Amino acid sequence: TLVTTTAQQVDDEAALDTLEVTSNVPPSFCITDEDIAAAPKHHIFVAAPLFNSVEYVDEFLESIESQNYPHVTVVIYDDASDDGSADLVASLIPSLSFETILMRGDERHGPSYAKWVLMRAIRRLAAPMDLVLFMDGDDKFFHVEVLDEVAATFRNEKPWFAYGRIRGYYEEQCGPPPPIVYHTQNHSSSVRTSAWTYCHPRVFRAFLLDHFEEEDFRDPASERWLLKYTDRQMVYKALELSGDERVAFMDGEKPHVYYR
């Protein structure tokens, strides 16, 4: 089911087909710097896959509630948790100041399926220049100005894709990406073969959603939903769609996400 602050409730798959379409999304490569500069203040969609995180999901929501930035919608897909995670979120929705959409899966499919469902839902809600921020439902923002920093980065540097720094596992490995395609003396290679850690939060402009496909999240050999490296598939695709000059690393004084 889908639950929002407006008490809309429909079946999961029906929800994806009936959510109001608010954007007429052109191909991303037709987006110009002038289009970006003329865009209104960014609305940020926080996309959160959730599975068995009842101990942490309230902290996740509280960290969004504490943000100074007001233009936020949170979209959560619960992948058939059996610990009460979705029920807890549903119980907290009436007390939240931001719009919250909760979608519940009846059967566990894994994190790649969850990302694909979230992309399909937000594609129907977002305007082309809106921002989509992916963050796990058991993590939390590190300080109250994270979304302000995200919005300022997209306003000032005009990237299509940006990511930041974390506190927790892998925090020392966060850094700027290598070139998306680079050449050595004997061959060409790409970011997909580089030893590089991509940290949270991962944020991209909503018009890129039209260029993700279900196949991006399936194993090409078995056609099953990927169970590992699902973040990698999403990040690499976003990097390749954006190009080197439209990627930003948010290297502020403070980390952005407390990563578990």
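This is a predicted model, so every value here is computed, not measured. Numbers here simply count residues along the sequence, with the first being 1.
Under the side-chain hydrogen bond (donor to acceptor under 3.5 Å, both in side chains) criterion, N68 pairs with no residue, sequence neighbours left out. Qualifying side-chain hydrogen bond (donor to acceptor under 3.5 Å, both in side chains) partners for D82, counting only residues two or more places apart in sequence or in other chains: N52. Legend: residues meeting side-chain contact (heavy atoms from CB on, under 4.5 Å) with D251, ordered by chain and number and at least two apart, are R165, F249.
Heavy-atom minimum distance, S242 versus V247: CB-CG2, 4.0 Å. Between G137 and S53, the shortest heavy-atom distance links the atoms O-CB, 4.4 Å. Minimum heavy-atom separation, Y77 to V117: CD1-CG1, 3.6 Å. The two atoms that bring F60 and A48 nearest to each other are CZ-CB, 3.5 Å, heavy atoms only. Of all heavy-atom pairs between F142 and V257, the closest is CB-N, 4.0 Å.
Judged as a salt bridge (Lys or Arg N to Asp or Glu O under 4.0 Å), the pairs with a partner in residues 51-78 (not counting sequence neighbours) are, in order, E59-K140, E59-R260. Evaluation of the salt bridge (Lys or Arg N to Asp or Glu O under 4.0 Å) test over residues 214-224, restricted to residues two or more places apart or in two chains, returns E214-R218, D216-K237. Applying the side chain to side chain donor-acceptor pair (under 3.5 Å) rule to pairs touching residues 83-95 yields D83-S85, D87-R104, sequence neighbours excluded.
Taking CG of L125 as the reference point, atom CZ of F45 lies at 5.0 Å (rounded to 0.5 Å). A distance of 7.5 Å separates CD1 in I64 from OG1 in T100, rounded to the nearest 0.5 Å. S112 OG to L226 CG: the interatomic distance, rounded to the nearest 0.5 Å, is 5.0 Å. Remark: K158 NZ to M129 CE distance equals 11.0 Å, nearest 0.5 Å. Rounded to the nearest 0.5 Å, atoms CE (M234) and CH2 (W116) are 13.0 Å apart. The NE2 atom of H109 sits 11.5 Å away from the CG atom of L227 when rounded to the nearest 0.5 Å.
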TODO: Apply the test side chain to side chain contact (heavy atoms under 4.5 Å, CB included) to residues V150 and H256: give CA-CA distance (whole Å), side-chain angles for both, the deciding distance (0.1 Å), then the verdict.
DONE: CA-CA 9 Å; V150 167; H256 302 94; 5.6 Å; no

Open item on the list: Using the rule given for side chain to side chain contact (heavy atoms under 4.5 Å, CB included), can you reason through H143 versus F141, listing the C-alpha separation, both sets of side-chain angles and the distance that settles it, and then say yes or no?
Closed with: CA-CA 6 Å; H143 57 85; F141 288 128; over 6 Å; no

- [ ] Show the numbers, then the answer: is there a side chain to side chain contact (heavy atoms under 4.5 Å, CB included) between D138 and L50?
- [x] CA-CA 7 Å; D138 60 350; L50 181 66; 6.0 Å; no

Task: Derivation and outcome, side chain to side chain contact (heavy atoms under 4.5 Å, CB included), residues D139 and Y258 - done: CA-CA 6 Å; D139 296 335; Y258 185 86; over 6 Å; no

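Side-chain atoms of H42 never come within 3.5 Å of backbone atoms of I44 as a donor-acceptor pair (strictly under, hydrogens ignored). Between the side chain of E145 and the backbone N or O of Q67 there is no donor-acceptor pair closer than 3.5 Å. Checked by atom type and distance alone, the side chain of D79 pairs as donor or acceptor with a backbone atom of G110 at under 3.5 Å. Looking at R202, its side chain never comes within 3.5 Å of a backbone N or O of Y163 through a donor-acceptor pair.
For W160 and F207, the distance between ring centers is under 6.0 angstrom.
R205 and D130 are not joined by a salt bridge, as no carboxylate oxygen comes within less than 4.0 angstrom of a charged side-chain nitrogen.
Residues F217 and Y113 are not in side-chain contact: their nearest non-hydrogen atoms beyond the backbone lie 4.5 Å or more apart. Within the 4.5 Å cutoff, no side-chain heavy atoms of V132 are placed close to those of L208. Inter-residue side-chain proximity for S81 and V54 is flagged as unmet; no heavy-atom pair is nearer than 4.5 Å. Considering only heavy atoms from C-beta on, H71 stays 4.5 Å or farther from L147 through its side chain. Here the side chains of V235 and F161 are in contact, with some heavy-atom distance below 4.5 Å. By the 4.5 Å heavy-atom criterion applied to side chains, P255 and I166 are not counted as neighbours.
In this structure, L61 is a member of the same hydrophobic cluster as L88, with clusters built from ILVMFWY side-chain heavy atoms closer than 4.5 Å. L96 and Y69 fall within a single hydrophobic cluster, where Ile, Leu, Val, Met, Phe, Trp and Tyr are joined by side-chain heavy atoms under 4.5 Å apart, directly or via other members. Linking ILVMFWY side-chain heavy atoms closer than 4.5 Å, directly or via other members, places M135 and L102 in a single hydrophobic cluster. Y56 and V46 sit in two unconnected hydrophobic clusters of ILVMFWY residues. Membership requires side-chain heavy atoms under 4.5 Å apart, directly or through other members. Grouping the Ile, Leu, Val, Met, Phe, Trp and Tyr side chains by contacts below 4.5 angstrom, directly or via other members, places I76 with V72.
Ring geometry, F134 versus F204: the interplanar angle falls under 30°, so the pair is classed parallel (tilted spans 30 to 60°).
Partner of I101 under the side-chain contact (heavy atoms from CB on, under 4.5 Å) criterion, out of V75, V74, L118: V75 alone.
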